[in-house]
Amino acid sequence: MHYLVKYLEKLYKLKEERGFKTLYFMIDIHNTVLVPSYSKEEKYIYFPYAKEVLQLLSKQDDVRLIMWTSSHQDMVEKYLEHFRSEGVSFDYVNCNPEIFNDNLRCLDIKFYYDLGIDDKFGFDAIEDWKYLLDFFEKYIKSH
């Protein structure tokens, strides 16, 4: 079983057992969702299945998508507008204002997320999106 599928099964089981209402997915843009253009003029070439997964997740009431990027603010606005036009809704950029500090965690510097999808985390954009698509299609149909 693919490591992402195994982790997602565990995550959704934990969500159910503990009664969590929301899952937070932090998603990098370049070299993860989009093939990098290395230019101010983004070409918006998606890795296979990336757009489909993000469209599916954007429709889920129990999921928040967090754009994880070091892009300049003007580009962030362009990305958000483009993604919205394609049915992908990022709820936040580089933050999660829904989860606060408590007696177990301090989120002053590192914000909370359940799953980070980033090439620098070992995510293989060419192969791993398909595993995610298969998992989420199956999960959504069964719930």
Side-chain angles (χ1 to χ4, degrees), residues 1-101 105-143:
M1 178 183 304
H2 192 269
Y3 75 97
L4 283 169
V5 171
K6 187 174 181 180
Y7 180 75
L8 284 166
E9 286 178 350
K10 176 182 168 185
L11 185 61
Y12 275 91
K13 182 178 180 192
L14 194 63
K15 177 183 178 282
E16 186 176 313
E17 289 173 355
R18 295 191 181 171
F20 298 149
K21 291 181 171 60
T22 307
L23 292 177
Y24 301 91
F25 298 144
M26 180 184 77
I27 302 171
D28 179 49
I29 301 302
H30 295 100
N31 218 24
T32 304
V33 173
L34 300 176
V35 175
S37 65
Y38 302 106
S39 164
K40 275 287 219 182
E41 294 302 316
E42 186 65 66
K43 294 179 176 54
Y44 297 101
I45 300 170
Y46 290 85
F47 281 100
Y49 308 105
K51 180 169 50 171
E52 294 83 353
V53 170
L54 295 175
Q55 288 169 332
L56 274 174
L57 291 175
S58 293
K59 295 175 185 174
Q60 302 308 302
D61 293 334
D62 63 343
V63 169
R64 299 289 178 274
L65 297 181
I66 302 167
M67 181 187 292
W68 178 244
T69 183
S70 57
S71 298
H72 290 281
Q73 190 60 37
D74 63 326
M75 289 303 294
V76 169
E77 295 303 322
K78 289 178 184 178
Y79 292 132
L80 290 171
E81 183 179 322
H82 173 82
F83 289 128
R84 270 192 299 269
S85 76
E86 301 234 332
V88 174
S89 299
F90 283 95
D91 299 285
Y92 307 112
V93 178
N94 294 334
C95 69
N96 181 351
E98 294 185 21
I99 305 293
F100 304 99
N101 292 344
R105 59 187 169 213
C106 177
L107 302 170
D108 293 343
I109 296 172
K110 177 187 171 190
F111 65 86
Y112 180 85
Y113 60 90
D114 295 296
L115 175 66
I117 299 175
D118 187 329
D119 59 302
K120 293 177 181 72
F121 295 171
F123 185 83
D124 182 341
I126 293 172
E127 294 188 13
D128 290 346
W129 284 112
K130 178 64 171 143
Y131 290 106
L132 293 180
L133 180 64
D134 291 346
F135 173 83
F136 287 118
E137 284 180 337
K138 179 181 171 189
Y139 180 83
I140 290 167
K141 285 179 186 172
S142 68
H143 289 83

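Since this is a predicted model, take the numbers as computed values, not measurements.
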Inset, instruction - Take atom CD of Glu81 as the centre, draw a 6.0 Å sphere, and report whether it contains more than 12 heavy atoms from other residues, nucleotides or ligands. - result: no

Inset, instruction - Kindly compute the distance separating CZ (Arg105) from CZ (Phe100), expressed to the nearest 0.5 Å. - result: 10.5 Å

Inset, instruction - Looking only at non-hydrogen atoms, find the nearest pair between Ser71 and Val76 and report the distance. - result: O-CG2, 3.7 Å

Legend entry - Minimum heavy-atom distance between Asp91 and Val63, given as atom pair plus value: OD2-O, 4.0 Å

Inset, instruction - Apply side-chain contact (heavy atoms from CB on, under 4.5 Å) to the pair Leu56 and Glu137, showing each step before the final yes or no. - result: CA-CA 8 Å; Leu56 274 174; Glu137 284 180 337; 3.8 Å; yes

Inset, instruction - To the nearest 0.5 angstrom, please state how far the CG atom of Leu54 sits from the CD1 atom of Ile27. - result: 5.0 Å

Inset, instruction - Spell out, as yes or no, whether a donor-acceptor pair under 3.5 Å connects the side chain of His2 to the backbone of Leu4. - result: yes

Legend entry - Shortest non-hydrogen contact from Ser89 toward Leu65: O-CD1, 3.6 Å

Legend entry - Separation of Lys13 NZ from Lys10 NZ (nearest 0.5 Å): 10.5 Å

Legend entry - Salt bridge Glu98-Arg64, side-chain N to carboxylate O under 4.0 Å: yes

Legend entry - With sequence neighbours excluded, residues passing side-chain hydrogen bond (donor to acceptor under 3.5 Å, both in side chains) with Thr22: none

Legend entry - Straight-line distance of Ile45 CD1 to Leu34 CG, nearest 0.5 Å: 9.0 Å

Legend entry - Check: Phe47 ring centre within less than 6.0 Å of Phe123 ring centre: no

Legend entry - Crowding at OH, Tyr139 (>12 non-hydrogen neighbours, <6.0 Å): yes

Legend entry - Nearest heavy-atom neighbours spanning Asn96 and Tyr112: ND2-O, 2.9 Å

Inset, instruction - Check the angle between the aromatic planes of Tyr12 and Phe135 and answer parallel, tilted or perpendicular using the 30° and 60° thresholds. - result: tilted

Inset, instruction - With rounding to the nearest 0.5 Å, note down the distance linking CZ in Phe90 to CG in Asn94. - result: 11.0 Å

Legend entry - Pairwise side-chain contact, Met67 with Ile29, heavy-atom cut-off 4.5 Å (strictly under): yes

Inset, instruction - Kindly give the heavy-atom pair with the smallest separation between Val33 and Asp28, and that separation in Å. - result: CG2-O, 3.3 Å

Inset, instruction - Considering non-hydrogen atoms only, spot the tightest contact between Thr32 and Ala125 and give its length. - result: O-CB, 3.4 Å

Legend entry - Evaluation steps, side-chain contact (heavy atoms from CB on, under 4.5 Å), between Phe136 and Val53: CA-CA 8 Å; Phe136 287 118; Val53 170; 4.1 Å; yes

Inset, instruction - Kindly indicate whether the side chain of Glu42, heavy atoms from C-beta on, has any atom under 4.5 Å from the side chain of His30. - result: yes

Legend entry - Positive for ring-ring contact (aromatic ring centres under 6.0 Å, His included) with Trp68, one of Phe111, Phe121, Phe25, Tyr113: Phe111

Legend entry - Side-chain donor-acceptor pair present, Asp128, Tyr3, cut-off under 3.5 Å: yes

Inset, instruction - Run the salt-bridge test on Asp62 and Lys15 with the 4.0 Å N-O cut-off and return the result as yes or no. - result: yes

Inset, instruction - Quick one: pull up OH in Tyr44 and CD in Glu86 and give me the separation to the nearest 0.5 Å. - result: 9.5 Å

Legend entry - More than 12 heavy atoms of other groups within 6.0 Å of Asp61 CG: no

Inset, instruction - Side-chain contact test, heavy atoms from C-beta onward, threshold under 4.5 Å: evaluate it for Trp129 versus Ile117 and give yes or no. - result: yes

Inset, instruction - Report the residues that fulfil salt bridge (Lys or Arg N to Asp or Glu O under 4.0 Å) with Lys138, sequence neighbours left out, ordered by chain and then residue number. - result: none

